[in-house]
Amino acid sequence: MTLKHHLHSLFTHALVQLQEQGVISKEIFQGDIQLERARDSRHGDFACNIAMLLAKTVGKRPRELAEQIINHIPAQNEWITKIEIAGPGFINLFLAPHAYFQVIDNILTDKENYGHSQMGAEKSVMVEFVSANPTGPLHVGHGRGAAYGDALANLLTVAGYRVHREYYVNDAGRQMDILATSVWLRYLELCGETITFPANGYQGDYIWDIAANLHREHAQALQHPVSEVFQNLPLDAPQGGDKEEYIDALIERCKHLLGEVAYRHVFHEGLGVILADIRRDLEQFGVVYDHWFSETSLTVPENFVQKSIKQLQAQGHLYEQEGALWFRSTTFGDEKDRVLVRENGQATYFASDIAYHLNKLERGFNLLINIWGADHHGYIPRVKAAIGALGADPNCLTVLLVQFATLYRGQERLQMSTRSGEFVTLRELREDVGRDAARFFYVQRKSEQHLNFDLELAKSQSLDNPVYYIQYAHARTSSVLRRLADSQWIWTHSAATLHRLETPQEQALIVSLSRYPEVIESAAVAYEPHQLTYYLRDVAQHFHTCYDVHKVLIEEDEALRNARLSLLVATQQVLRNGLTLIGVSAPEMM
RNA sequence: GCGCCCGUAGUUCAGCCCGGAUAGAACGUUGGCCUCCGGAGCCAAAGGUCACAGGUUCAAAUCCUGUCGGGCGCGCCA
């Protein structure tokens, strides 16, 4: 039980007693008690405002009620030295130093498990994140989703949830056809043909790489005369036509000329290369998935899309209009109804998405978390509507939005567009500023906050990035322990000598360490890994201050030396635990 | 036009969910600290109309309403 939980239970106990005595009615007090760390040490260690909240409805003055509450808190509590009423009616708790020393014991005992919580009660949660279309390399926008999603999944894991990480691979649909066609056209160029590349094709260099593979394996076998390829097509955008119509016609031509088998080969060449690249990229970023879920698998071999449509139909939520099949999502709070099957017989992306979410539900997750780019926010009501229509609770789905990161190089704002091929990839970012800095920087801001990422700043002025500050603290602890190993001394942890840690700097550091379990719970419940980054900075700062003032490896006082070493090892453990959660390394040396 | 997000120190951001005591931090600026375990560090100072206007409250950066400013979304696209 954490320090805070313990204190919390004392208040609950006191208030329940007051209820039994009829001082407070059951309606007024439902059991929520806010217990907060006091910001000012003159206010003690923890402060509670419950008396002020209840005073009016109880019909007493806040300070009077506070008095009664205090009287029901066990007097000889081993951890509390003083309870006082302050200001308008705060109840301030002052803790004994050994209440905190207990924390050091806990950390040294629990090690990498310190701070873990049972909050999640083994509930299973799926976190689906990144899920970028496999039409090109991940860019810096995806990086933020990756860093945030992975840190969140880690947080939920240590908060007691069973977490499943999943990447939804959009390997069906028109974008993939555009990719295949783009690859084939580049292949034709490698065969020596001269063509005009479509405005709406994928223009990145990686398309050339895939085409080169194709050319290496098949030489001219997939070649067709350019005259046939471009015969009788509508005008492309630069010629005054519609780029969408043009690319669709080109896709059809491509399928027709290559035939089913050869087209699928080109298609899978592109998909395979890009997906493997994305997977490798994420692994190198420290993000590993439990499952890569293929959109195609929703239709082959079993057609989940048809199944979910039938299920909706059976419930009477579908209707036909103008040749299309519609889902009456307005019944479930959406602002307009949505098409599931188009006039041309093709299912929409939304139909696949319904099937995917039905599939998720059938796999038995208690909680579904989707991490999406903020530009998809308008999509949330219809997915929730679908879940409701399928008979499940829409609240089992939580969609967390991540704002795009805007990259700057100094004053220059970098444009990102997959189509134009001028984006900055996640890989480039990693190679530029390093994995640790990138992951920390991404997760440092609240996810719905716009992120301005200045590459020059992150690189040239590394002081601006607190990740170094925290890692340096960890490296320093390691350095001291290396020194210890070289000495004739041996560290023995003894609870008895911890009371020697009595200076303000040491006390402040211990208090900071004691907050870790609270931060884990708070960050997990709010889905806010950024809380952890602020916390880790706080720990590092208290450590640096302590380190500057008090030497650890002192010769003359063995008991004090051991006590300080215990504190140092505990600090190292907390820093390492926290950094691990956000995917940042805890280096022994820098 | 409708919907969602954002507006806090020169800059980048916490704090807002769940109202509470003197609104915090980093960078930058200014001034100090290296016979000592790693100075990638420490100590200190200056810097605020919490976008604006109302409202609720004993108490508002926080809750409600409106206004202004910035971003995004409103397809038989994905």
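Note on naming: letters A, B, ... go to the chains in the order of the sequence lines (proteins, then strands), and numbering restarts at 1 for each one.
Looking at heavy-atom distances under 4.0 Å, D334(A) makes no contact with the nucleic acid at all. In this structure, E448(A) reaches the sugar-phosphate backbone alone: every heavy-atom distance under 4.0 Å involves primed, P, OP1 or OP2 atoms, never a base. At a threshold of 4.0 angstrom between heavy atoms, the contacts of Q471(A) with the nucleic acid are absent. Within 4.0 Å of S479(A), counting heavy atoms only, lies at least one base atom of the nucleic acid. Counting non-hydrogen atoms under 4.0 angstrom, N49(A) reaches a base of the nucleic acid. Backbone-only engagement by H544(A) is indicated by non-hydrogen atom pairs under 4.0 Å involving sugar-phosphate atoms exclusively. Looking at heavy-atom distances under 4.0 Å, E295(A) makes no contact with the nucleic acid at all. Across all strands shown, Y469(A) has heavy atoms under 4.0 Å from sugar-phosphate atoms exclusively, and none from any base. D538(A) comes within 4.0 angstrom of nothing in the nucleic acid, heavy atoms only. Counting non-hydrogen atoms under 4.0 angstrom, H550(A) reaches a base of the nucleic acid. Within 4.0 Å (heavy atoms only), A47(A) reaches at least one base atom of the nucleic acid.
Taking only side-chain nitrogens and oxygens, R338(A) never comes nearer than 4.0 Å to OP1 or OP2 of G75(B). Taking 4.0 angstrom as the limit, T545(A) places a side-chain polar atom (N or O) nearer than this to OP1 or OP2 of C43(B). Under 4.0 angstrom from either OP1 or OP2 of A78(B) there lies at least one side-chain N or O belonging to R342(A). In this model, the phosphate group of G38(B) is not approached by any side-chain N or O of K551(A) to a distance below 4.0 Å at OP1 or OP2. Put simply, Q505(A) has no side-chain N or O that comes within less than 4.0 Å of OP1 or OP2 on C42(B). Put simply, N452(A) has no side-chain N or O that comes within less than 4.0 Å of OP1 or OP2 on U11(B).
For G24(B) and C50(B), the C1' atoms lie 12 Å apart once the distance is rounded to whole Å. If you take atom C1' in G47(B) and the same atom in A25(B), they sit 14 Å apart, rounded to whole Å.
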Next item on the list: Would you sketch RNA chain B in dot-bracket for me? Only Watson-Crick or G-U wobble pairs with both distances under 3.5 Å count, crossing pairs as [ ], other-strand pairs as |, the rest as dots.
Entry: (((((((..((((......[...)))).(((((.......))))).....(((((..]....))))))))))))....
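For R63(A), the CZ atom is densely surrounded, since the number of other residues' heavy atoms within 6.0 Å is greater than 12.
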Acceptor/donor pairs from residues 474-486 of chain A side chains to any protein atom, 3.5 angstrom cut, sequence neighbours excluded:
unit_1: H474(A); atom_1: ND1; unit_2: A586(A); atom_2: O; d: 3.4
unit_1: H474(A); atom_1: ND1; unit_2: P587(A); atom_2: O; d: 2.8
unit_1: H474(A); atom_1: NE2; unit_2: R576(A); atom_2: NE; d: 3.3
unit_1: R476(A); atom_1: NE; unit_2: Y472(A); atom_2: OH; d: 3.4
unit_1: R476(A); atom_1: NH1; unit_2: H544(A); atom_2: ND1; d: 3.0
unit_1: T477(A); atom_1: OG1; unit_2: H474(A); atom_2: O; d: 2.5
unit_1: T477(A); atom_1: OG1; unit_2: Q572(A); atom_2: NE2; d: 3.2
unit_1: S478(A); atom_1: OG; unit_2: H474(A); atom_2: O; d: 3.2
unit_1: S478(A); atom_1: OG; unit_2: Q572(A); atom_2: NE2; d: 3.1
unit_1: R482(A); atom_1: NH1; unit_2: E588(A); atom_2: O; d: 3.1

Check: Nucleotide by nucleotide, 5' to 3', does protein get under 4.0 Å of the base (B), only the sugar-phosphate (S), or neither (-) in nucleotides 68-73 of chain B, counting heavy atoms?
Finding: ---SBS
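Rounded to an integer number of Å, the gap from L568(A) CG to G38(B) P is 11 Å.
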